[in-house]
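Below: one structure, written as structure tokens.
All values below come from the heavy atoms of this structure, side chains included, with hydrogens, waters and symmetry mates left out. Source: prediction; values computed, not measured.
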Protein chains: 2
Amino acid sequence: MGQAARVSYQSVKAKVLQSIRDSTWAPGTIIPGEVELAELFGCARATVNRAMRELAEEGILERKRKAGTLVKLSPTPRAKFDIPVIRDEIEQTGGVYRYALVKRVQSDVPSWLRAKLAMSEGDQALHLQCMHYHNNKPYQFEDRWINLEVVGSAAQIDFKDVGPNEWLLSEVPLTNAEITFAASRATKEIAEFLDSSEGDALFTTERITWIENRAVTFARLFYHLGYRLTTRI
Amino acid sequence: MGQAARVSYQSVKAKVLQSIRDSTWAPGTIIPGEVELAELFGCARATVNRAMRELAEEGILERKRKAGTLVKLSPTPRAKFDIPVIRDEIEQTGGVYRYALVKRVQSDVPSWLRAKLAMSEGDQALHLQCMHYHNNKPYQFEDRWINLEVVGSAAQIDFKDVGPNEWLLSEVPLTNAEITFAASRATKEIAEFLDSSEGDALFTTERITWIENRAVTFARLFYHLGYRLTTRI
DNA sequence: AAGTGGTCTAGACCACGGC
DNA sequence: CCGTGGTCTAGACCACTTA
């Protein structure tokens, strides 16, 4: 056939977005079904399907079987953040990364952590504190607990040269995680490590990592004063 | 045919993940091509393709034409946050939402904002300050500027009943945005609005919204003390 | 019960990018 | 050059949901 430049799912997405913008399909509208759209755009249903599936994933559309596809009333911005390994984050900007171990203590798991990680009384945990530097300026203070009942091999590592996050990544790949963003005031100790002042507002993240329903580690990361996390959507 | 329960892309994903977990395909490994995998799993190439495409999107794999598909060395956790309209965020948890306008002033755009939003000298802007309450407790203080050169109709709205974010969503749908997360210390004024103390560490987000390369609005959102943003990946 | 999205297949052509 | 992923098609069956 003449092969009139086959219709791509990208162009279908664009056309649908355009129709929403120019109010052909206002928010709340139920738009035509896939078969009809395929005919309208002159492409296969699979092509329409991929376009619509992605738009739904992006929070623009809402799809239900039988009911059809509708334009969301308040399209939910969906921010995506890549949470890179800190070494990569620094080296990708051309900076020099340096790591230092501050503290390393093995002990019974404290009760507050026992609850958080679903551990049992008497279970062993490894408590680490580390500093990460960017061009020799303080970048992040890391306060981490590792569940030795799950990754007992950590007890044999001194963590003097390699950070616990990097080590864990290679040891226990493909974990699930719960990430929390918050703000906290610098304690005197943390302020000293971060060349900051006691009481400064620090951007803070917490992360609990699981492998198949077993908690691997809990980390609190305190960023240097003025750190900002930015993304485009 | 016997229809031996067709192989789903979900199961292909699961099998690939399993092979990574048990080190059949260690990080850094180049895994077999799509045709070979399709044969291995007993399904069509399109099925393998969808599975692999999603795994790549999730940051587990890295794909390149000709080179093939490899298991990432440090799988990048990719956190996704839904940034809902604040009313929805509160009402979905069963809370009662209340909005109040604090300030509304139209003026020339200040120079710091002119640079940020790529506006011109003498352009008009609308400066709004608002409070959002959850069960009548302070939830968020909003400090927003609207570019009247782009959405001039905002000049006619009093924003006494409907918040600027909700109004903008209906007026200018499908915008792009740049979102920033940070921590900041409460000023005396903001602390009073949020029932907090001067100097408290507040979780803060900033957002610049664009429509086709024209800045629509800039907002700084200060959350009440103790607010945390959490997600699972 | 029936309509709509969800998915799978088999085959084809395309385009990027190592070699 | 040519292998690998990227995409499109036409057709089919399935499964969830609402009427």
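Minimum heavy-atom separation, B:Gly28 to B:Leu70: O-CB, 4.4 Å.
Atom CE in B:Met52 sits roughly 13 Å away from atom P in D:dT4 (whole-Å rounding). At whole-Å resolution of the value, CZ in B:Arg63 and C1' in C:dA15 are 15 Å apart. In this structure, the CD1 atom of A:Ile30 is 16 Å from the P atom of C:dG3, given to the nearest Å. Per the geometry, CD belonging to B:Glu57 stands 14 Å off C1' belonging to D:dG6, to the nearest Å.
Relative ring orientation between B:Phe181 and A:Phe181 is described as perpendicular, the plane-to-plane angle rising above 60° on a 0-90° scale split at 30° and 60°. Taking the six-membered ring where the residue is Trp, B:Phe141 and B:Phe222 present tilted rings, their angle falling between 30° and 60°.
Each of A:His132, A:His134, A:His224, A:Glu89 was scored for a side-chain hydrogen bond (donor to acceptor under 3.5 Å, both in side chains) with A:Tyr139, with one residue passing: A:Glu89. None of B:Asn176, B:Thr217, B:Asn147, B:Val150 except one satisfies the side chain to side chain contact (heavy atoms under 4.5 Å, CB included) rule with B:Ile211; the exception is B:Val150.
A:Tyr9 has a side-chain polar atom (N or O) that falls below the 4.0 Å cut-off from OP1 or OP2 of D:dT7. When the side-chain nitrogen and oxygen atoms of A:Arg53 are compared with OP1 and OP2 of C:dG6, none of them lie within a distance under 4.0 Å. For A:Thr69, no side-chain nitrogen or oxygen approaches OP1 or OP2 of C:dT4 to under 4.0 Å.
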Could you list the protein-to-nucleotides 17-19 of chain D atom pairs, N/O on both sides, closer than 3.5 Å?
none

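A salt bridge links A:Arg63 with A:Glu34; the closest basic N to acidic carboxylate O contact falls under 4.0 Å.
The cationic atom of B:Arg98 (NZ for Lys, CZ for Arg) lies less than 6.0 Å from the six-membered ring centre of B:Tyr133 and within 45° of the ring axis.
Here the nucleotide nearest the side chain of B:Glu34, chosen from D:dC8, C:dC8, D:dG5, is D:dG5.
With sequence neighbours excluded, the residues that form a salt bridge (charged side-chain N to carboxylate O under 4.0 Å, His left out) with A:Glu54 are A:Lys13, A:Arg50.
A donor atom on one side chain and an acceptor atom on the other are not found under 3.5 Å apart for B:Tyr99 and B:Glu166.
The stretch residues 37-50 of chain A comes close to DNA chain D through A:Cys43, A:Ala44, A:Arg45, A:Ala46, A:Thr47, A:Arg50, each having a heavy atom under 4.0 Å from the strand.
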